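Handing you this structure, nothing more for now.
Just so you know, residue 1 is the first one in the sequence shown, and it goes up from there. Atoms considered below: every heavy atom in the structure, side chains included; atoms not considered: hydrogens, waters and symmetry mates. Bear in mind the structure is a predicted one, so any value in this text is a computation, not a measurement.
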Amino acid sequence: MKRILLFLVILTAFPAIAQQSITLEECYNSVTQNYPLAKQSSLLETQNTLEAAVISTAKLPQLSLDAQATYQSDVIEIPIASANIDPLNKDQYRATFSVNQLIYNGGATAASLAIKSAELKSKQKQVEVSLYQLRQQINQLYFSILLAQESNLLLKSKQTQLEAKLKEVSSGVKNGILLPSSDKVLEAELLKIGQQFKEIESNKITLIETLSSLIKQPIYASTEFKNPLIEIHLQNELIRPELELFQYKKDEIENSENLISKQNVPKILGFATGGYGNPGLNMLDNSFQPFYTAGVKLHWNVFDWNANQKQRQSLAINKDIVDNETEVFKLNTTIELNKQQREIEKIEAIITSDEAIINLRKEVLQMADSQLKNGVITSSAYITELTNLYEDQNTLVRHEIQLQLAKANYNVIKG
């Protein structure tokens, strides 16, 4: 009994698997999450965390250990015979442990961290831009599959119509109303349709495999591709990730300017050194002795031959270059939008004409159907008119898919 129930559950679940569907938006989301390039975003964040940790060590005490042994050719001597002071040894030894602590550097450390943060945003946005640019490729594959899907449905409709007509013609041949070869012509046409089914299915599978590899998701031949109803808003405002990338690049330059402005700020450090050596700090004591020093040090680069100013001027030029790149990008994108808008308008006009042609083809086919029943025309003439209608319907479907593709590309170009 349990086995029967399990079989029924599997049987019930199978149609759900077979009727799996997918939408264009799901393809967009999948490529954003699963495309290999998407991994770079988290890698960049990890790398930035490590680099920021290295920069932050400037705030921590810097520890160092030094040791040296030297032999000198000469040493200091006191030229007083009655002083009774032993001369220094020519071999001298010293080991020191030093601690240096940054007290003030004008905010240079914080400025360096800000640069790393700005760099991370720019790099992650560049990854987002690269992933976004895959959308037009997805559009091309998705709507090509959709066209194959719709063409298959039209071909099935033609096949059904021919099979019904074959029954009528076969009956007419038996009754002597139609010529004996009339049914053979229809049978040959049905065989051609079988070949067309195989061709469409083969092309569809190739496209599906390519799309599946791109979005890193399994897609089956039985998967239904939903036909999206795409709306466009004709306006000049762009919402492309590239524009954010340009802004992040400018933020990065501004943070670099801020860091350069702090390079010539006075720096204050505290230090302490402890050691053991011969001689120590008392040069007159010719023996091993401990010693230490502690204090505060000021470092100020008073004059740098205008290097700082020239660096700022160079960064200002970089900012102008980014502004120029932004302007060029907006111009090229606006040109692409206008071209895409003209393409949409052209296809819409063609579709109106397609519909009128199909209506006329249907009237002609109705007359041909009546003439075939009465034996006025041959099956070949009927098939010609049926094929003309099918081809025009297929043309309409292709133009409708092209219209949706053009609208999808318009939205991608616009952002």
So K339 and E336, salt bridge (Lys or Arg N to Asp or Glu O under 4.0 Å) or not? Walk me through it. CA-CA 5 Å; K339 286 171 61 178; E336 286 298 315; 3.7 Å; yes
Residues in side-chain hydrogen bond (donor to acceptor under 3.5 Å, both in side chains) with K116, at least two apart? E51, E119
Salt bridge between K250 and D323, side-chain N to carboxylate O under 4.0 Å? yes
For L44, is there any backbone N or O sitting under 3.5 Å from a side-chain donor or acceptor partner on N48? no
Between the main-chain N or O of A118 and the side-chain N or O of S122, is there a donor-acceptor pair closer than 3.5 Å? yes
Going by an N to O cut-off under 4.0 Å, is there a salt bridge joining K158 and E189? yes
Spell out, as yes or no, whether a donor-acceptor pair under 3.5 Å connects the side chain of T57 to the backbone of V54. yes
Salt bridge check: are E150 and R398 linked by an N-O gap of less than 4.0 Å? no
Of all residues at least two apart in sequence or in a different chain, which pass the side-chain hydrogen bond (donor to acceptor under 3.5 Å, both in side chains) check with E244? K125
For residues N388 and Y390, is any side-chain donor paired with an opposing acceptor at under 3.5 Å? no
Contacts of F271 that satisfy ring-ring contact (aromatic ring centres under 6.0 Å, His included) - sequence neighbours left out: none
Between K346 and E343, does any NZ, NE, NH1 or NH2 come within less than 4.0 Å of an OD or OE carboxylate oxygen? yes
Please answer whether the main-chain N or O of N105 pairs with a side-chain N or O of T109 as donor and acceptor at a distance below 3.5 Å. no
Does a side chain donor of either Q247 or D251 reach within less than 3.5 Å of an acceptor in the other side chain? yes
The complete set of ring pair (Phe, Tyr, Trp, His ring centres under 6.0 Å) pairs with one or both residues in residues 308-344, sequence neighbours excluded, reads F246-F329
For I413, is there any backbone N or O sitting under 3.5 Å from a side-chain donor or acceptor partner on R240? yes
Neighbour count >12 (heavy atoms, 6.0 Å) for atom CG, L229: no
Partners of F225 by ring-ring contact (aromatic ring centres under 6.0 Å, His included), sequence neighbours excluded? Y142
If the test is side-chain contact (heavy atoms from CB on, under 4.5 Å), which one of L259, V265, N258 qualifies with S261? N258
Donor-acceptor contact present, side-chain T326 to main-chain V322, <3.5 Å: yes
Indicate whether the side chain of N89 and that of Y71 have a donor and an acceptor atom separated by less than 3.5 Å. no
Would you kindly say whether D354 and T395 are connected by a side-chain donor-acceptor distance under 3.5 Å? no
Donor-acceptor check, side chain of S213 to backbone of E209, threshold 3.5 angstrom: yes or no? yes
Tell me, please, which residues at least two apart from N264 pass side-chain hydrogen bond (donor to acceptor under 3.5 Å, both in side chains). D304
Polar side-chain atom of T46 near backbone of S42 as donor-acceptor pair, under 3.5 Å: yes
Is a side-chain donor-acceptor pair under 3.5 Å present for T70 with Q92? no
Decide, yes or no, whether a salt bridge links E327 with K330 under the criterion of side-chain N to carboxylate O below 4.0 Å. no
